[in-house]
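Note that these values count all heavy atoms, side chains included, but never hydrogens, waters or copies made by symmetry. Keep in mind it's a predicted model, so treat the numbers as computed, not measured. Counting begins at 1 with the first residue of the sequence.
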Amino acid sequence: MSKFKKEKVLPRYLLVAVLLSIVGVAVVVKAGYTMTADRDYWLAVQKNQINQADSLKKPNRGNVLSCDGQLLAGSIPEYEIFIDFRAGYNKKEKEDTVWTHKRDTLWHEKLDSLCDGLHQIFPQKSAEEFREHLTEGYNKKSRYWRVWRGKIDYATYSQVKQLPFFNLPRHKGGFWGEEYPARRHPFGSLAERTIGSRDTARYGVELAYDTLLTGTYGRAHWEKVRNKRVYVTTTPPVDGADIVTTLDVGMQDLAEKALLDELQTRDALMGVAILMEVQTGDVKAIVNMEKSADGVYRERLNNALGYRCEPGSVFKTASMLVALDDGVIDTSYVIHTGGGVMRMHGANMKDHNWHRGGYGDINAARALEVSSNVGVSYVIDHFYGSNPTKYVEGLYRVGIGEDLQIPLNEYRAPKIRFPDTKTTNRSLYWSKTTLPWMSIGYETQIAPINTLAFYNAIANDGKLVQPRFVKQVVKDGQVVMDLEPVVLKESIAKPSTIKTMQTVLHHVVSQGLGKRAGSPTFQVAGKTGTAQVSDAEYNYHSGKRCHWLSFCGYFPADKPRYSCIVCVKTTNGPASGGLVSGTVFHNIAEGVMAKDVRMIASNARDENSVFVPNVKNGDVQAADYVLSQLGIHTTGNWESTGKGGAPVWGLAQQLTDGVKLEKMEADGRTMPNVTGMGARDAVYLLEKMGVKVHLSGRGDVKSQSLPAGTALQEGMVCQLHLG
């Protein structure tokens, strides 16, 4: 037995002990670091971890609604269809020979009728092409063989599921469909750039309120219960909330048509129109039209919020408001414009009528009425030339340079620079000519929404409100969030200055260059604007001229309710904001006011008569309950006396026919009457009954190609005309 050598063994034990101590300390340090510095990171990892046995259950996305509850964007399921040619194999890919033999026999027996059925549903592809396509997948034993390339609606999916072999359970036959929520816009492209995209939340309200619309994902997993696998929901999904916008479908349609008519007449490049409620800042209509390569006008960008350019003469109102509010002039201040040309720091400032001799001596109010470049620029250069910073600060004070903080991602805040002669950036350099040219709307970058907000503040007695696009968040029919109007500035100028400017803007329309925007039935106030803009193709050096024509104002001028801006970018026709944009403004204002007049007239009725509301086709029992709560007796039958044949309630009506209609819809054997329904409800009802629906137009259902009471057969198609 060898002797224990203490001097050799103990150092080794000591070394091992030291190493283990170092490792232990390192573990403790790392654990401490993970618990402190890395804590947020690992908590996020844990939150995003999904148990392999769990799966996410997607919630239904919320709807986007108009101010009166009409559907602007909603989700309808679409499907991609596949077949699993390895159905009948177990988890270990072992074949269930008894079933697979039976299945293969059934496959060959039903293949011809299956392909014929697919051809009937998808006539774009022949039965022989379907046979070749499916046979290829069968020979490859593919697990994810696509039956049809592209997404289909629920009615088509239901038809395909009824075909031979495809009607077997998924684990037997292998046919299955993957559901995708498809975003639909019942009113087509109306305000599409503001509402949002139809595929993913990339812009507009859909993106700004994506979290609220999406909802919360749920969790589910498979459990084995009595030798069966059961799909158990552990956490149910929470559907997204509905977003109620400020948009008015009628006003939006009116503004779009008025602008589009002018753009097509002028063959213009681009157009913008925004209609806003004065008191609240609610945007009732917003139109963005841009000419595409094929000559068709489409909403490609939200230029109303993001197209910053030199605004032109609509900016003169801000310049004169600063001067009036600072007290350096009053409306009677006389300006010697001479023959319409004035030399300013080595450059000629010209009025639009300089070739006709100009305006001569005019006061400050008249200078704004006739949009005199010489008059406005002289005032600003004369009184602020020695201190241009005071002028720019005044612009921000009156709100024209305010960042409106609009939540939509395409919004761009104004660019109004301060005096800087030291910068090497040419676009920021402040020269002697900068001040006079800035005063008439050049050398600044402002989007139409900012100009409108400024004019809206004048109409609102000086109160600058943030343009509002969303007013409520609704969940399960209950308002969960009210987005109140936001006041950015209580007053942009002295009350006396605002009153003076209101009078001047009214005179611009009544006796100045804005007469085209006026109306014989109500008063209008506003200002015209014309600016030569520069971009990659149209610039001062290319010889190609492009003009930004605008009119911004409000109506009625004596009691302002709405403010509106219209901008048109064009290379054709006369460069006149009053003529082009003023005409569009006039048509929008006339239409909006006429709509209000009709609404008021409809309320005029004999107090002794009985007021009976129209009730659209739908749930009879629910309608009966609502009418009974309103104190309206409903013991009569249905009569098709509404517009478009829509059933309405009368005094002597009974529910018997309505109950028959409800039963007729429930048994699914005859075509129901969907006239008067909203598009979404009608599509849901008919597709649930196996009828394929095609829509045309917008609004409620006015007529249907299959008359009510028609015996329903598999594969029938109904054309619904909306209006």
Exercise for the section: Show the numbers, then the answer: is there a side-chain contact (heavy atoms from CB on, under 4.5 Å) between V473 and L483? Expected result: CA-CA 8 Å; V473 179; L483 282 73; 4.2 Å; yes
Problem - side-chain contact (heavy atoms from CB on, under 4.5 Å) evaluation trace for N302 with Y203 - result: CA-CA 9 Å; N302 203 327; Y203 50 79; over 6 Å; no
Handout entry: Step-by-step side-chain contact (heavy atoms from CB on, under 4.5 Å) determination, I83 to F166
Key = CA-CA 8 Å; I83 185 168; F166 283 179; 3.6 Å; yes
Handout entry: Worked verdict on L118 versus L134 for side-chain contact (heavy atoms from CB on, under 4.5 Å)
Key = CA-CA 11 Å; L118 287 172; L134 294 177; 3.9 Å; yes
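W145 pairs by the side chain to side chain donor-acceptor pair (under 3.5 Å) definition with H133, not counting sequence neighbours. Under the salt bridge (charged side-chain N to carboxylate O under 4.0 Å, His left out) criterion, R300 pairs with no residue at all, not counting sequence neighbours. With sequence neighbours excluded, the residues that form a side chain to side chain donor-acceptor pair (under 3.5 Å) with S292 are R298.
Classification of the F122-F130 ring pair by plane angle, with boundaries at 30° and 60°, yields tilted. Using cut-offs of 30° and 60° on the angle between ring planes, the pair Y154 and Y79 is tilted.
Within the structure, salt bridge (Lys or Arg N to Asp or Glu O under 4.0 Å) contacts touching residues 200-217 (residues at least two apart or in different chains) are R61-E206, R61-D210, R183-E206, D199-R202. Note on residues 463-473: pairs passing side chain to side chain donor-acceptor pair (under 3.5 Å), not counting sequence neighbours, are D282-R468, Q472-D482. For residues 63-80, every residue pair satisfying the salt bridge (Lys or Arg N to Asp or Glu O under 4.0 Å) rule, not counting sequence neighbours, is listed here: E78-R184, E80-R146, E80-K151.
Within the 4.5 Å cutoff, side-chain heavy atoms of V568 are placed close to those of L259.
P414 and I400 make their closest contact through CG-O, 3.9 Å (heavy atoms, listed as atom of the first residue, atom of the second, distance).
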